[in-house]
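Numbering of ligands and ligand atoms starts at 1, following listing order.
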Amino acid sequence: MLEVCRLSVRYQEVLALRDVSFAVPPGTVVGIIGPNGAGKSTLLKAMLHLIPRQQGQVFYRGQPLPRQRVSYLPQRSHLDWRYPVTVRQVVMMGRARHTGWFRYPGRRSRAVVEQSLGRVGLGSLGDRPIKSLSGGQQQRMLLARTLAQETDVLFLDEPLAAVDHPTEELIWQIYRELAAEGKTLVISCHDWGETLLHYDRLLLLNQTAIAFGVPRDVLSHENLQRVFQERHDQPRSAPSLFC
Ligand SMILES: Nc1ncnc2c1ncn2[C@@H]1O[C@H](COP(=O)(O)OP(=O)(O)OP(=O)(O)O)[C@@H](O)[C@H]1O
Ligand SMILES: [Mg+2]
């Protein structure tokens, strides 16, 4: 079980998250949805202790969740893509916990990296500098790095932003395989299309948890109104799809 208990985060005067709680069993794919600025990235970072929590705890199998047990895919737009490294080197960084930062990676780590690249369809692009990748290829490389970490819990921040439809299908196939292995995935989502129905659970966030549950319930007209009327902005396709 992954349990988030009453998590709150403050950035100086901005209260970004207030009292967020939810719990899911292993093998669950959880989507976090909410408008821009709702706190989706903040929630993932706070769950990982990448930013300080004002209050709250995260447990995995009854124990505080250690950072090393989680693979984290950061939001693509938060990264500096001019950094002079290759795709393979970035994916190998996912093995640092296994090999140590300054040791030459062993045979197993090299095999896991090639396998992860192949799994996301980047087997032939390992030597490419990351600055030459398209947006969708960047996302697939970040996912490969996450897979290479071989953890039971994965936090992914907008992994489907900028990917085309076939890539999205490939990534969903990978999510399903990971969930079938008993892994827990918590994924921040950027769009409001039908793809939201694929998640096992959705957390609708707007500073606090507005709703948590199966997609059809969470995406009720009432819940969406609570989020978007207050903010005077609209999700692109949600109202017609889900009312
Ligand atoms: N480093 C920071 N310092 C101050 N405020 C911040 C910081 N990072 C985020 N915030 C604020 O916290 C709130 C939540 O931001 P966050 O990035 O978590 O939202 P999000 O739901 O991930 O948005 P998006 O859909 O744009 O990715 C916003 O009001 C944002 O402006
Ligand atoms: Mg974000």
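- M141 places none of its side-chain heavy atoms less than 4.5 Å from the side chain of V120.
- Of all protein heavy atoms, the one lying nearest to atom 2 (C) of ligand 1 is Y11 CD2, 3.5 Å.
- For the residue pair T42 and Y11, a side-chain donor N or O sits within less than 3.5 Å of a side-chain acceptor on the partner.
- Within the 2.8 Å limit, S41 places at least one N, O or S atom next to the Mg ion (ligand 2).
- Taking backbone and side chain together, Q75 holds an N, O or S atom under 2.8 Å from the Mg ion (ligand 2).
- If you check which protein heavy atom lies closest to atom 28 (C) of ligand 1, you get G37 O, 3.7 Å.
- E222 is not listed as a side-chain neighbour of Q225, based on a closest heavy-atom distance of 4.5 Å or more.
- At a cut-off of 3.5 Å, with distance as the only test, no side-chain donor of D200 or T28 sits close to an acceptor on the other residue.
- For atom 15 (O) of ligand 1, the nearest non-hydrogen atom from the set V14, D157, V9, T42 belongs to T42.
- Side-chain polar atoms of S188 and Q75 form no donor-acceptor pair below 3.5 angstrom.
- Between L203 and L43, the closest side-chain pair of non-hydrogen atoms falls below 4.5 Å.
- Follow the hydrophobic side-chain contacts under 4.5 Å out from Y72 and you never reach L154; the two are in separate clusters.
- By the 3.5 Å distance cut-off applied to N or O atoms, Q12 is not counted among the residues near ligand 1.
- Neither the backbone nor the side chain of H190 comes within contact range of ligand 1; no heavy atom lies under 4.0 Å.
- S41 CB, 3.9 Å is the protein heavy atom nearest to atom 17 (O) of ligand 1.
- Of all protein heavy atoms, the one closest to atom 24 (P) of ligand 1 is N36 ND2, 3.6 Å.
- Below 4.0 Å from some heavy atom of E158 lie the following atoms of ligand 1, by number and element: 25 (O), 27 (O).
- Every atom of ligand 1 is numbered from 1 in the order shown, and the set under 4.0 Å from a heavy atom of Q75 is 27 (O).
- The backbone of P35, and not its side chain, has at least one atom closer than 4.0 Å to an atom of ligand 1 (non-hydrogen atoms only; backbone = N, CA, C, O).
- Within a 6.0 Å radius of NE2 in H78, more than 12 heavy atoms belonging to other residues, nucleotides or ligands are found.
- Remark: distances from the non-hydrogen atoms of G39 to ligand 1 include one below 4.0 Å.
- Protein non-hydrogen atoms do not reach within 4.0 Å of atom 30 (C) of ligand 1.
- A donor-acceptor contact shorter than 3.5 Å links the side chain of S21 to the backbone of R6.
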